[in-house]
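The block underneath contains the structure these notes are about, expressed in structure tokens.
The analysis underlying the following values was restricted to heavy atoms, covering all of them including side chains, and did not include hydrogens, waters or symmetry mates.
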Amino acid sequence: MTRDIPITDSRAVVATTPGMPATDGDGVKMTRVIGTQELNMLDPFLLLDAFESDQPRDYIGGFPSHPHRGFETVTYLLAGRMRHNDSAGNEGVIEPGGVQWMTAGKGIVHSEMPEQEDGLLMGFQLWVNLPAAAKMSEPAYQEFPPSETPLERRDNGTEIRVIAGTTSEGTTGVVKNELVRPTYLDVTLPAGQTFNQDVDATDNAFLFVVDGELKVGERRQVLGRRVLGILGEGSQISVTADAGPARFLLVSAQPINEPVARGGPFVMNTKEEIMQAFDDYKHNRF
Ligand code: CO
């Protein structure tokens, strides 16, 4: 289905951030885009880290054994490979176009290590909050290799890797999440083409430009490479790649609207619950 009606309710960019350089794990260099002083969170998104380096010293240390409680981690790679291993006995390798959507729930201890000694490592880790009622749920995984992750190809050359949600042409992603009903699309747009996507009017949504430059909404606001744009109100998202081909992530979900207490790798509703998480981890109750 092609949309012929004019876009009259498309979301505008209400704020932008390039993020800031950060180091995490065993010296992994990255850009933290959500979870900074500038953009603490975009409910239910607690953190977004963007990795992009072909220098092994920037990533080779990886993320040795560490815990999580109270939210979900979503790892999506564009280049390179990461091996994960956890306290529940799961192990696997995340590859470009594949996704690992991990529900830490009441607690998991895992490691995430580059499965390569050189070359380009490029990708994202997104933290998605869990509502209070689900924070202490059993840990769970939704993990899909690239061969099982739908890739929609449109007549105009647009390619959309559908991690979660449903495109306007009806391709539905593999990840299921009824708690915040996320959409997570990786869109490659040829020069001059436009991409339209319906979005729930109550979702929080953002774009992150991986490559190229986008013009967003009716006002055709410019969003440059490696910049995140928070989208305002509306039930449609419309972007055009005027200046050449572009690639971007479109991510949205229902806000949870609950108090957020953070303590390193734990995200709960209260400070007491964070103290409890540290105590439980220290005493091997994960
Ligand atoms: Co982790």
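A centroid separation of less than 6.0 Å is found between the aromatic rings of Phe206 and Phe45.
For the atom pair NZ of Lys176 and CZ of Arg181, the computed distance is 13.5 Å after rounding to the nearest 0.5 Å. To the nearest 0.5 Å, the span separating OG on Ser238 from CZ on Arg220 amounts to 8.5 Å.
For Lys215 (side chain) and Ala243 (main-chain N/O), no donor-acceptor pair under 3.5 Å exists by modelled atom type. Remark: the backbone N or O of Asp242 is not paired with any side-chain donor or acceptor of Thr240 at under 3.5 angstrom. In terms of modelled atom types and a separation under 3.5 Å, the side chain of Arg153 and the main chain of Glu159 share no donor-acceptor contact. In this structure, the side chain of Gln193 does not engage the main chain of Pro190 through any donor-acceptor pair within 3.5 Å.
Under a 4.5 Å side-chain heavy-atom cut-off, the cluster of Ile, Leu, Val, Met, Phe, Trp and Tyr residues that includes Met20 has no other member. Members clustered with Val109: Met136, Phe266, Met268, Ile274, Phe278, Tyr281, Phe286, by chain and number, using a 4.5 Å side-chain heavy-atom cutoff among hydrophobic residues.
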Derivation and outcome, side-chain hydrogen bond (donor to acceptor under 3.5 Å, both in side chains), residues Thr158 and Asn156: CA-CA 6 Å; Thr158 301; Asn156 67 5; 2.7 Å; yes

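Applying the ring pair (Phe, Tyr, Trp, His ring centres under 6.0 Å) rule to pairs touching residues 218-260 yields Phe195-Phe248, sequence neighbours excluded. The ring pair (Phe, Tyr, Trp, His ring centres under 6.0 Å) contacts involving residues 95-114 comprise His66-His110, His68-His110, where partners must be two or more places apart or lie in separate chains. Contacts classified as side-chain hydrogen bond (donor to acceptor under 3.5 Å, both in side chains) and involving residues 250-265 (residues at least two apart or in different chains) are given here: Thr202-Gln254, Asp203-Ser252, Asp203-Gln254, Glu258-Asn269.
For Ser111 and Ser65, the side-chain atoms include no donor-acceptor pair closer than 3.5 Å. In the model, Thr103 has a side-chain atom that pairs as donor or acceptor with a side-chain atom of Glu72 under 3.5 Å.
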Ignoring hydrogens and angles, write down the donor-acceptor pairs under 3.5 Å from the side chains of residues 120-127, residues two or more places apart or on other chains.
unit_1	atom_1	unit_2	atom_2	d
Gln125	OE1	Trp127	NE1	3.1
Gln125	NE2	Thr75	OG1	3.0
Gln125	NE2	Glu112	OE2	2.8

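Comment: Glu52 engages Arg226 in a salt bridge, judged by a side-chain N to carboxylate O separation of less than 4.0 angstrom.
Criterion: ILVMFWY side-chain heavy atoms under 4.5 Å apart, direct or through other members. Under it, Leu42 and Leu228 are part of a common hydrophobic cluster. Residues Ile256 and Leu39 fall within the same hydrophobic cluster, defined by Ile, Leu, Val, Met, Phe, Trp and Tyr side chains chained together at heavy-atom separations under 4.5 Å.
Partners of Asp118 by side-chain contact (heavy atoms from CB on, under 4.5 Å), not counting sequence neighbours, listed by chain and number: Pro56. A search for side chain to side chain donor-acceptor pair (under 3.5 Å) contacts involving Asp186 returns Tyr76, Arg247, not counting sequence neighbours. Every side-chain contact (heavy atoms from CB on, under 4.5 Å) that Thr166 has, sequence neighbours left out, goes to Thr172. When the salt bridge (Lys or Arg N to Asp or Glu O under 4.0 Å) test is applied to Glu138, the partners found at least two apart in sequence or on another chain are Lys106. Arg161 pairs by the salt bridge (Lys or Arg N to Asp or Glu O under 4.0 Å) definition with nothing, not counting sequence neighbours. For Thr167, the side chain to side chain donor-acceptor pair (under 3.5 Å) test picks out Glu152, with sequence neighbours left out.
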